[in-house]
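Working notes, beginning with the structure itself.
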Amino acid sequence: MRRLLSFILCFFSTVFLFSFPSYSGEGNPVVVATVRGVINPVAGQYISKAIESAGRKKAAALVIELDTPGGLDTSMREIVKAILGSRVPVVVYVAPGGAMAASAGVFIAMASHVAAMSPGTAIGAAHPVSVTEKMDKVMAEKATNDAAAYARSLAEKRGRNGQWAEDAVRKSISATETEALGKGIVDLLAPDLKTLLKEIHGRRVVTAGGEQLLDTAGARIIREEMGIRDRLLDLISDPNVAYVLMLLGFYGLFFELTSPGAVFPGVVGAVSLILAFYSFQTIPVNYAGLLLIITGIILFILEVKVTSYGMLTIGGIASLVMGSLMLFDSPAPFLRLSLAVIIPAAVVTALFFGVTIRLAYRAFKRRPVTGIEGLAGLEGKAHTEITPEGGTVFVHGEFWSAFSDSPLPRGAGVVVTEVRGMRLKVDHIT
């Protein structure tokens, strides 16, 4: 009996141990993170989290599929620091075909343990530009020297072409995938992810945890997708989206102020403005442009109050368009507003305020139809003689005390010209 119990215990222990996934040899997964677009704070947090996740999963490697026109220096340096401090080998793969690793993407690729590109891609043009305002000659030279030294240092640390990395900063040069391989800028070319994992299998790399042998052939792939929160924040970090959110915020608050109690427009407006303000923290904003936009909206409102024969509307459109062009005035093309967004927004805003404010103004000027104020302009009949001292009239199915500047005979047709308390001032119908 004891032998039988021992056998059963050993059997189930073996089954229990083998039921857990193995993280050695071919069982090690490869985590894949995808970056498409501008390198911003959201991208920085996403890559940092992906590196931490790869460490927890004991991944054989983390592959970053990269396609970026560049981005913010602070976010790029955050990603580079995370890669340099990673114990998991980080592979930057510029893919798919047509992708690029420009500006900040060059530094990220140079910092990786393995840099690869797919056919039809490009890398380079890493000259620093100010995303807030134009730098003077001295500051521009300092920024260029700092970026050039940083790029060369990263490239040489990984055994790549340090001179090209420096030239990419100083001369804004670029390279195709074949040129990059021939010049020692990247380590290999691969048409797809599966081929990439086969090609890097057996390579030795040095991470923050020491030298490692890449074991990626046939590895299980785990995609580390952006969460809903990160996707939302990444979406609203786009200048065009931030601009639309700002206008929606103005629309919503305007509706709420002109129609108190509607609630929904106010809620939408407040949420939109808060999201726009978050975007403004990640995107450099020119406050002169913002003031011009607000001035344009004020001019649209004044058009209803002041007879300007359309001049205020023209001024409002001009102010809105100029302010929109200046709002994100940055040398970086990915931080500029598109004219395809600005022009429709200006037209829609002009129509929105022109129609809604005009309707509200007409409603305000419309003669009351209920209450005492609604009696003005109604016609009736003199029930008694009407004198400046008083009399009685029959108006709107009721008898009212009335008076007139000139005497009116009984039975005369009258019209109410004014309401004073509970007395009506009347005049003869002409």
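Residues take their numbers from the sequence shown, with the count starting at 1.
- Checking side-chain atoms of Ser319 against main-chain N and O of Ile293 turns up no donor-acceptor pair under 3.5 Å.
- In this structure, Thr207 contributes its side chain and Pro89 its backbone to no donor-acceptor pair below 3.5 Å.
- Remark: the backbone N or O of Arg231 is not paired with any side-chain donor or acceptor of Tyr46 at under 3.5 angstrom.
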- request: Could you give me the CA-CA distance, side-chain angles and deciding distance for Asn40 and Asp234, then say whether side chain to side chain contact (heavy atoms under 4.5 Å, CB included) is met?
  value: CA-CA 8 Å; Asn40 53 25; Asp234 186 53; 3.2 Å; yes
- prompt: Under the side chain to side chain contact (heavy atoms under 4.5 Å, CB included) criterion, do Met246 and Leu327 qualify, and how do the steps go?
  reply: CA-CA 11 Å; Met246 179 189 67; Leu327 186 61; 4.1 Å; yes
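- Residue pairs that meet the salt bridge (charged side-chain N to carboxylate O under 4.0 Å, His left out) test with at least one member in residues 174-188, sequence neighbours left out, are Arg160-Asp187.
- A search for side-chain hydrogen bond (donor to acceptor under 3.5 Å, both in side chains) contacts involving Gln163 returns Arg152, Asp167, not counting sequence neighbours.
- Not a single side-chain hydrogen bond (donor to acceptor under 3.5 Å, both in side chains) links Arg423 to another residue, sequence neighbours left out.
- Ser86 places no side-chain N or O within 3.5 Å of a backbone atom of Ala82 that could act as its donor or acceptor partner.
- In this structure the side chain of Ile221 reaches within 4.5 angstrom of the side chain of Leu197, judged on heavy atoms.
- Take Asp73 and apply the salt bridge (Lys or Arg N to Asp or Glu O under 4.0 Å) test, not counting sequence neighbours, and it matches Arg77.
- Panel note: side chain Asn145, backbone Glu141; a donor-acceptor pair is recorded below 3.5 Å.
- Across Asp67 and Ala95, no two heavy atoms sit closer than the pair CB-O, 3.9 Å.
- With contacts defined as side-chain heavy-atom distances shorter than 4.5 Å, the pair Lys157/Leu84 qualifies.
- Among residue pairs with one or both ends in residues 188-207, those qualifying as salt bridge (charged side-chain N to carboxylate O under 4.0 Å, His left out) are Arg204-Glu211; sequence neighbours excluded.
- Put simply, the side chain of Arg158 gets close to the backbone of Ala111: a donor and an acceptor are under 3.5 Å apart.
- For the residue pair Lys49 / Ser53, no side-chain donor-acceptor distance below 3.5 Å is found, with atom types taken as modelled.
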- request: Let me see the working for Ile51 and Ile83 under side chain to side chain contact (heavy atoms under 4.5 Å, CB included), right down to the final yes or no.
  value: CA-CA 8 Å; Ile51 291 175; Ile83 293 174; 4.2 Å; yes
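- When side chains are defined from C-beta on, Leu188 counts as touching Val114, because their heavy atoms get closer than 4.5 Å.
- Closest heavy-atom contact between Asp215 and Ala60: O-CB, 3.5 Å.
- Of all the heavy atoms in Leu193 and Glu65, the pair that sits closest is CD2-OE2, 4.2 Å.
- Applying the side-chain hydrogen bond (donor to acceptor under 3.5 Å, both in side chains) test to pairs two or more places apart or on separate chains, those with a residue in residues 239-253 are Asp238-Asn240, Tyr243-Ser324, Tyr251-Thr349.
- Two residues are said to be in side-chain contact when any heavy atoms from C-beta on lie closer than 4.5 Å; Phe264 and Val268 meet this criterion.
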